[in-house]
Amino acid sequence: MSAPLAVEGAATAAVVCRGLRKVYPGGRGWRGAGGGEVVAVDGIDLSVARGECFGLLGPNGAGKTTTVEILEGLNEPTSGQVLLCGLAWRTHEMELRQRIGVALQETRLTDRLSVSETLQLFRSFYRRSRSLESLLDVVQLHEKRDAWVSKLSGGQRQRLALACALCGEPEILFLDEPTTGLDPQSRRQVWDLVSDYRARGGTVLLTTHYMEEAERLCDRVAIIDHGRIIREGSPRELIATLGAAHVVEFEITLDGDADERALRALPAVTAVRRDAGTWSLTVTEPHLVLPALIAHLASTGHSLARLGTRQATLEDVFVGLTGRHLRDG
């Protein structure tokens with residue numbers, strides 16, 4: 001049995017894990033594990049303060065869901081230690097079940113129970129539970145209280161799943177890809193639910209590969225790739241590591257290609273990246289880059305098929321670190 005976790009602040013933080021590792025037998029590991037093992041989580045350390053929204057950000061297969069399942073007590077780590085509210089799963093499982101809420105990537109609810117019946121069932125699992133009317137109000141499902149689960153839209157089902165996770169007035173709310181597959185309006189409704197929970201003093205740990213979601217909700221994020229945290233900080237801090245706050249994207253129409261060295265020499269350009277036929281310039285001052293870029297392309301006989309500017313995002317940070325996009329498989 002592992003020794004008790006001895007980390008400064010572990011008793012007061014909402015979530016602490018050290019040296020978290022999960023290895024599955026069979027297959028081929030991405031870090032050369034022997035015996036055909038698959039290393040899903042490869043030595044993750046993190047700490048989430050009470051009242052914080054912390055995001056695990058990475059592409060599918062990066063190890064986000066496995067990490068969260070271990071933190072939720074749904075999966076056993078191969079090695080490493082976890083504390084929630086200063087308590088360990090092996091010694092305080094029943095108490096921790098009363099103090100956390102979990103919304104899985106896909107929650108399977110009983111189709112022929114009504115919304116109210118589903119919430120009453122989940123409320124019965126907790127010693128202390130939020131009132132039915134309060135839950136219906138926070139997820140805006142009053143009009144659907146008597147509707148079967150099978151009759152709900154995807155967005156309504158996800159809000160019901162969140163209401164189930166909130167039944168026990170949890171201190172920590174775990175959300176695994178909470179808005180995957182939802183339309184923009186439903187996604188924003190889920191964001192509002194998370195913000196309401198935060199306003200009541202709750203702690204959130206979520207996984208996502210939506211940049212806007214992470215930037216909107218999270219105080220801090222950890223970028224995960226191949227089972228390891230490769231960068232951690234607030235969204236603003238991570239974007240600042242790019243050295244510029246704007247991205248100029250363009251495509252050219254004629255045969256041939258732009259000169260990367262010449263693009264890097266343009267004023268205010270800090271980085272150049274090409275993705276298929278699109279060039280992306282990370283820049284500090286778009287108003288200086290744009291006329292210089294247009295003049296350069298004209299002088300080399302290239303015509304623009306598309307030109308645009310945008311704010312730099314966490315996606316740009318991830319691509320800069322790994323050379324891949326977060327939505328890559």
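Numbering of residues begins at 1 and proceeds along the displayed sequence.
Looking at heavy atoms from C-beta onward, V283 lies out of side-chain contact with V247 at the 4.5 angstrom threshold. Side-chain contact between L71 and I100 is absent, with no heavy atoms from C-beta onward closer than 4.5 Å. Using a 4.5 Å heavy-atom cutoff, the side chains of L152 and V115 are in contact. Within the 4.5 Å cutoff, the side chain of V269 has no heavy atoms near those of the L263 side chain. Residues V204 and F54 are not in side-chain contact: their nearest non-hydrogen atoms beyond the backbone lie 4.5 Å or more apart. Side-chain contact between V317 and I223 is present, with at least one heavy-atom pair separated by less than 4.5 Å. No side-chain heavy atom of L173 sits under 4.5 Å from any side-chain heavy atom of T203. Under the 4.5 Å side-chain criterion, counting only non-hydrogen atoms from C-beta, L290 is in contact with T309.
The OG atom of S280 sits 7.0 Å away from atom CG of D316, with the distance rounded to the nearest 0.5 Å. Here the OG atom belonging to S153 is positioned 6.5 Å from the CZ atom belonging to R159, to the nearest 0.5 angstrom. Rounding to the nearest 0.5 angstrom, the gap separating the CG atom in L238 from the SG atom in C218 is 11.0 Å. Interatomic distance, Q120 CD to L135 CG, rounded to the nearest 0.5 Å: 9.0 Å. Atoms CZ and CZ, on R108 and R157 in that order, are 9.0 Å from each other to the nearest 0.5 Å. The distance from the CG atom of L56 to the CZ atom of R220 is 10.5 Å, given to the nearest 0.5 Å.
With 3.5 Å as the limit, one finds no donor-acceptor pair spanning the side chains of T278 and E249. Looking only at atom types and distance, the side chain of D183 has a donor-acceptor partner in the side chain of S186 under 3.5 Å away. A side-chain donor-acceptor contact under 3.5 Å links D176 and T65. A donor atom on one side chain and an acceptor atom on the other are not found under 3.5 Å apart for Q185 and R188.
Closest approach of C164 to Y126, counting heavy atoms only: O-OH, 4.5 Å. Annotation for F122 and C167: closest pair CB-SG, 3.7 Å, computed over non-hydrogen atoms. Scanning all heavy atoms of the two residues, the minimum distance from L166 to P170 falls at O-CD, 3.7 Å. Contact detail for E213 and W191: the closest heavy-atom pair is OE1-NE1, 2.8 Å. Of all heavy-atom pairs spanning P59 and D225, the tightest one is CG-OD1, 4.2 Å. Contact detail for L20 and V41: the closest heavy-atom pair is O-CG1, 3.3 Å.
In summary, D219 and R236 do not engage in a salt bridge, as defined by a charged side-chain N under 4.0 Å from a carboxylate O. In this structure, K64 pairs ionically with E177, as a charged nitrogen and a carboxylate oxygen lie closer than 4.0 Å. Contact check on D42 versus R228 returns a salt bridge, with a Lys/Arg side-chain nitrogen under 4.0 Å from an Asp/Glu carboxylate oxygen. Remark: R274 does not engage E260 in a salt bridge, criterion side-chain N to carboxylate O under 4.0 Å. Between E133 and R145 there is a salt bridge, since a side-chain N of the basic residue sits under 4.0 Å from a carboxylate O of the acidic one.
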Legend entry - Criterion side chain to side chain contact (heavy atoms under 4.5 Å, CB included) on D45 and C17, from CA distance to verdict: CA-CA 5 Å; D45 298 333; C17 72; 5.8 Å; no

Inset, instruction - For side chain to side chain contact (heavy atoms under 4.5 Å, CB included), just list the numbers for D111 and L113, CA-CA rounded to whole Å, side-chain angles, deciding distance to a tenth of an Å, and then say yes or no. - result: CA-CA 6 Å; D111 282 346; L113 286 182; over 6 Å; no

Legend entry - Derivation and outcome, side chain to side chain contact (heavy atoms under 4.5 Å, CB included), residues V23 and V38: CA-CA 6 Å; V23 180; V38 174; over 6 Å; no

Inset, instruction - Go through the steps to decide whether D137 and H142 satisfy the test side chain to side chain contact (heavy atoms under 4.5 Å, CB included), and finish with yes or no. - result: CA-CA 6 Å; D137 182 59; H142 273 291; 3.7 Å; yes

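No path of Ile, Leu, Val, Met, Phe, Trp and Tyr side chains, each step under 4.5 Å between heavy atoms, connects W148 with L141, placing them in separate hydrophobic clusters. Hydrophobic clustering of Ile, Leu, Val, Met, Phe, Trp and Tyr side chains at less than 4.5 Å, counting indirect connections, keeps L193 apart from V102. The hydrophobic cluster containing I294 also contains V248, counting ILVMFWY residues as joined when their side-chain heavy atoms lie under 4.5 angstrom apart, directly or transitively. Under the 4.5 Å side-chain heavy-atom criterion for grouping Ile, Leu, Val, Met, Phe, Trp and Tyr, V149 is connected to F125 within one hydrophobic cluster. Hydrophobic clustering, with ILVMFWY side chains joined whenever heavy atoms are under 4.5 angstrom apart, groups L87 together with W89.
Looking at T110, its side chain never comes within 3.5 Å of a backbone N or O of R112 through a donor-acceptor pair. The backbone N or O of E237 lies less than 3.5 Å from a partner atom in the side chain of S234, making a donor-acceptor pair. The backbone N or O of R130 lies less than 3.5 Å from no partner atom in the side chain of S134, so there is not a single donor-acceptor pair. Distance alone, capped at 3.5 Å, places no donor-acceptor pair between the R310 side chain and the H246 backbone. The main-chain N or O of L297 is found under 3.5 Å from a side-chain atom of T300 such that the two form a donor-acceptor pair.
Other residues, nucleotides and ligands contribute more than 12 heavy atoms inside 6.0 Å of the NZ atom of K22. The environment of E76 atom CD is sparse: at most 12 non-hydrogen atoms of other residues, nucleotides or ligands sit within 6.0 angstrom.
Applying the side chain to side chain donor-acceptor pair (under 3.5 Å) criterion to R231, with sequence neighbours excluded, gives no partner residue.
With I70 as the partner, the side-chain contact (heavy atoms from CB on, under 4.5 Å) test is satisfied by one option alone out of I44, V82, T78: V82. For the pairing with E171, the salt bridge (Lys or Arg N to Asp or Glu O under 4.0 Å) check across R128, R97, R200, R50 returns one residue only, R50.
For the pair R187 and Y210, the distance from NZ or CZ to the six-membered ring centre is under 6.0 Å and the angle to the ring normal is within 45 degrees.
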